[in-house]
Amino acid sequence: MLIGKVSGSLWATRKNEHLNGLKFLLVDIEDETNEETIKTIVAADTEGAGFGDLVLVTTGGSARIALESPGTPVDAAIVGIIDSVERNNQ
Amino acid sequence: MLIGKVSGSLWATRKNEHLNGLKFLLVDIEDETNEETIKTIVAADTEGAGFGDLVLVTTGGSARIALESPGTPVDAAIVGIIDSVERNNQ
Amino acid sequence: MLIGKVSGSLWATRKNEHLNGLKFLLVDIEDETNEETIKTIVAADTEGAGFGDLVLVTTGGSARIALESPGTPVDAAIVGIIDSVERNNQ
Amino acid sequence: MLIGKVSGSLWATRKNEHLNGLKFLLVDIEDETNEETIKTIVAADTEGAGFGDLVLVTTGGSARIALESPGTPVDAAIVGIIDSVERNNQ
Amino acid sequence: MLIGKVSGSLWATRKNEHLNGLKFLLVDIEDETNEETIKTIVAADTEGAGFGDLVLVTTGGSARIALESPGTPVDAAIVGIIDSVERNNQ
């Protein structure tokens, strides 16, 4: 899984019908220093994440498992809102 | 999923028979500043996207789910035409 | 899918028995300017591609679907010989 | 699989219910010189790894196989604690 | 698939029980000039590869197919020992 920060949302009127009703958020995946965004992905959200939240994102087939909807064509989903990260650099 | 901009199309006479009738578009995946293309991928399109459209692309097994065709050998599909992206950099 | 140029081939006497009879080609995946090779991958070819051909490559589970052989351990396959690419940079 | 070093942990109260009870660790994936972190991922741990441990991480569907839980939306799991790595650069 | 050079091995006493008896090798994936290592991955080996061998590596679900063991949590496997690579840069 990846740690990212919710940085936005998107609106798409014309889309695959199986995506109706889902909320899609932009998530910035940051490097290990949390100073630079490596890439921005779009993840389906079922956890109620908001702007600026640090979230846990799962990718690939596990995103559809998270939605409990194998027929939904998504490849990334927010599966947790992160309260705290403890790093212990040795 | 990834946000990209449709930048072209391709023509292939000789191809896997299961790809017949599908439209394939080039999609430039841009970095978070939308200023630089990170990579260009080819995605099957069922949403009617056109040149310059900002699109939502899903990858891997979810592309075949989007086409509702598990026997079609694609790994990327356009699943939405994006109307607007709201970014809120904190 | 990815666009690449066939740049070579490989020979392996000792290999997984399910790979016998398959042709494996080296494919250079180029950046969006088609000037620099980002990476070289090895793809199974069922379309009869030759050196220098521009090809469409599918990856992951869709490669096995392209070969119509779920028991063949490949993760990339050439699914089309590209006649032309039209780019329209806006 | 990837070799990484356990560098932290995370806490998430609000999360997908199938993730309850799992331990999630931050794992720094290092380059071949073991001097620079390429990326940090979050992996489910069932092997009892601790801070600073060198671990073997599997990704994608194999993470769910490692947990023996196809309904758990994870895409990375620690499958071994590495005792030693022998490199033989030729 | 990827071409890589076997550069080492690893030892892990504590590991997922389904990995018992498998040999895991470090494989350096090189760039197209074969001069620089892009990344090092760990692959299960069933072909009897040795240090310095150039090998063909398959990733994702195809690794488990190569092992003919869907319950083994691996995401990379050596599926061939490469005798020769012919490159024809045009």
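The figures that follow rest on heavy atoms only: side chains count, while hydrogens, waters and symmetry mates do not. Residue numbers start from 1 in every chain, and the chains themselves are labelled A, B, ... in the order their sequence lines are given, proteins ahead of strands. Quantities reported herein were computed from a predicted structural model and do not represent experimental measurements.
Against chain C, no residue from residues 16-27 of chain E qualifies, as none has a non-hydrogen atom under 4.5 angstrom away. Residues of residues 63-80 of chain E lying under 4.5 angstrom from chain C, judged on non-hydrogen atoms, are E:Ile65, E:Ala66, E:Glu68, E:Val79, E:Gly80 in numerical order.
When each of C:Ser9, C:Ala44, C:Gly8 is scored by its heavy-atom pairs under 4.5 Å with chain E, the top score falls to C:Ser9.
You'll find the side chain of E:Ile3 stays beyond 4.5 Å of the side chain of C:Thr40, heavy atoms only.
The nearest pair of heavy atoms linking E:Val57 to E:Ala43 is CG1-CB, 4.3 Å. Of all heavy-atom pairs spanning E:Val6 and E:Gly50, the tightest one is CB-O, 3.4 Å. Closest heavy-atom contact between C:Ala49 and C:Asp45: N-OD2, 2.8 Å.
With rounding to the nearest 0.5 angstrom, the CD1 atom of E:Ile38 is 8.5 Å from the CD atom of E:Glu30. Considering CG of E:Leu2 and NZ of E:Lys39, their distance stands at 6.0 Å, rounded to 0.5 Å. Rounding to the nearest 0.5 Å gives a distance of 11.0 Å between OG1 of C:Thr13 and CD1 of E:Ile82.
Scored by the side-chain hydrogen bond (donor to acceptor under 3.5 Å, both in side chains) test, E:Ser84 finds no partners at all (sequence neighbours excluded).
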